[in-house]
Novice: 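After the structure tokens below, expect a handful of questions from me.
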Amino acid sequence: MKAVIVDRGVLEGEPICAVSYLEPEHHWDSGYALFAGPPDPTDEGGLLCVDCLLDLDIAPGLALAREHGAAVRDGDKWTAGDQPGPACGNVTRR
């Protein structure tokens with residue numbers, strides 16, 4: 001089963017506002033990282049299984065991140081790139 005890297009906010013149930021994607025480095029790695037806010041180098045975050053994301057409304061963000069490397073959400077709208085709306089702060093690729 002593949003895993004997704006997530007920040008602490010996502011683990012605690014906060015809304016996902018950004019997705020990044022890099023080619024997977026390990027057999028368990030999906031390549032995705034999900035953020036509820038700006039990256040924090042002190043945030044140890046965690047892992048979620050890909051199947052755990054099925055209930056979340058982030059499919060457009062995952063598709064954009066896979067194609068462009070990063071996607072951000074502002075309200076209900078996902079856009080490609082790493083310049084998020086005011087709700088997320090600055091998110092860069094992991």
Novice: When you look at Val19 and Arg66, which way does the side chain to side chain contact (heavy atoms under 4.5 Å, CB included) test go after all the steps?
Specialist: CA-CA 9 Å; Val19 179; Arg66 184 159 182 128; over 6 Å; no
Novice: Let me confirm one number: the CG-CH2 distance from Asp57 to Trp78, rounded to the nearest 0.5 Å.
Specialist: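 One finds 9.0 Å between CG of Asp57 and CH2 of Trp78.
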Novice: Measure the CG-CD1 distance between Leu48 and Ile5 for me, rounded to the nearest 0.5 Å.
Specialist: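 Spacing of CG (Leu48) from CD1 (Ile5) equals 11.0 Å.
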Novice: Without swapping roles, check the side chain of Lys2 against the backbone of His27 for a donor-acceptor pair under 3.5 Å.
Specialist: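 A pair under 3.5 Å: yes.
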Novice: Nearest 0.5 Å, please: how far is OH in Tyr21 from CD in Glu67?
Specialist: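 Nearest 0.5 Å value for the CD-OH distance: 12.5 Å.
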Novice: One pair to check against side chain to side chain contact (heavy atoms under 4.5 Å, CB included): Asp51 and Met1. What are the steps and the verdict?
Specialist: CA-CA 9 Å; Asp51 292 342; Met1 181 160 307; 3.5 Å; yes
Novice: According to side-chain contact (heavy atoms from CB on, under 4.5 Å), who are the partners of His26, at least two apart in sequence or on a separate chain?
Specialist: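 His26: side-chain contact (heavy atoms from CB on, under 4.5 Å) contacts with Trp28, Asp29.
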Novice: Any heavy-atom pair between the side chains of Leu34 and Ile58 that's under 4.5 Å?
Specialist: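 They are in contact (side-chain heavy atoms under 4.5 Å apart), so the answer is yes.
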Novice: Between the main-chain N or O of Ala36 and the side-chain N or O of Asp7, is there a donor-acceptor pair closer than 3.5 Å?
Specialist: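 It does hold such a pair.
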Novice: Can any side-chain N or O of Ser30 pair as donor or acceptor with the backbone N or O of Ala3 at less than 3.5 Å?
Specialist: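 Yes, because the side chain of Ser30 sits within donor-acceptor range (under 3.5 Å) of the backbone of Ala3.
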Novice: For residues 8-16, please give each side-chain donor-acceptor pair under 3.5 Å, one per line with the distance, not counting sequence neighbours.
Specialist:
none

Novice: Quick one: which residue pairs count as a side chain to side chain donor-acceptor pair (under 3.5 Å) with a foot in residues 39-48, not counting sequence neighbours?
Specialist: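 Qualifying pairs, neighbours excluded: Asp40-Thr42.
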Novice: Return the OG1 to NE2 distance between Thr79 and His68, rounded to the nearest 0.5 Å.
Specialist: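 Interatomic distance, Thr79 OG1 to His68 NE2, rounded to 0.5 Å: 10.0 Å.
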Novice: Please find the pair of heavy atoms, one from Gly61 and one from Ala71, that lie closest to each other, and give the distance.
Specialist: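 Looking at all heavy atoms of both residues, the closest pair is O-CB, 3.5 Å.
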Novice: Roughly how far, to the nearest 0.5 Å, is CG of Asp74 from SG of Cys17?
Specialist: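 These two atoms lie 9.5 Å from each other.
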Novice: Compare every heavy atom of Ser20 with every heavy atom of Ala65, then report the nearest pair and how far apart it is.
Specialist: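 Answer, listing the atom of Ala65 first, then Ser20: CB-C, 4.3 Å.
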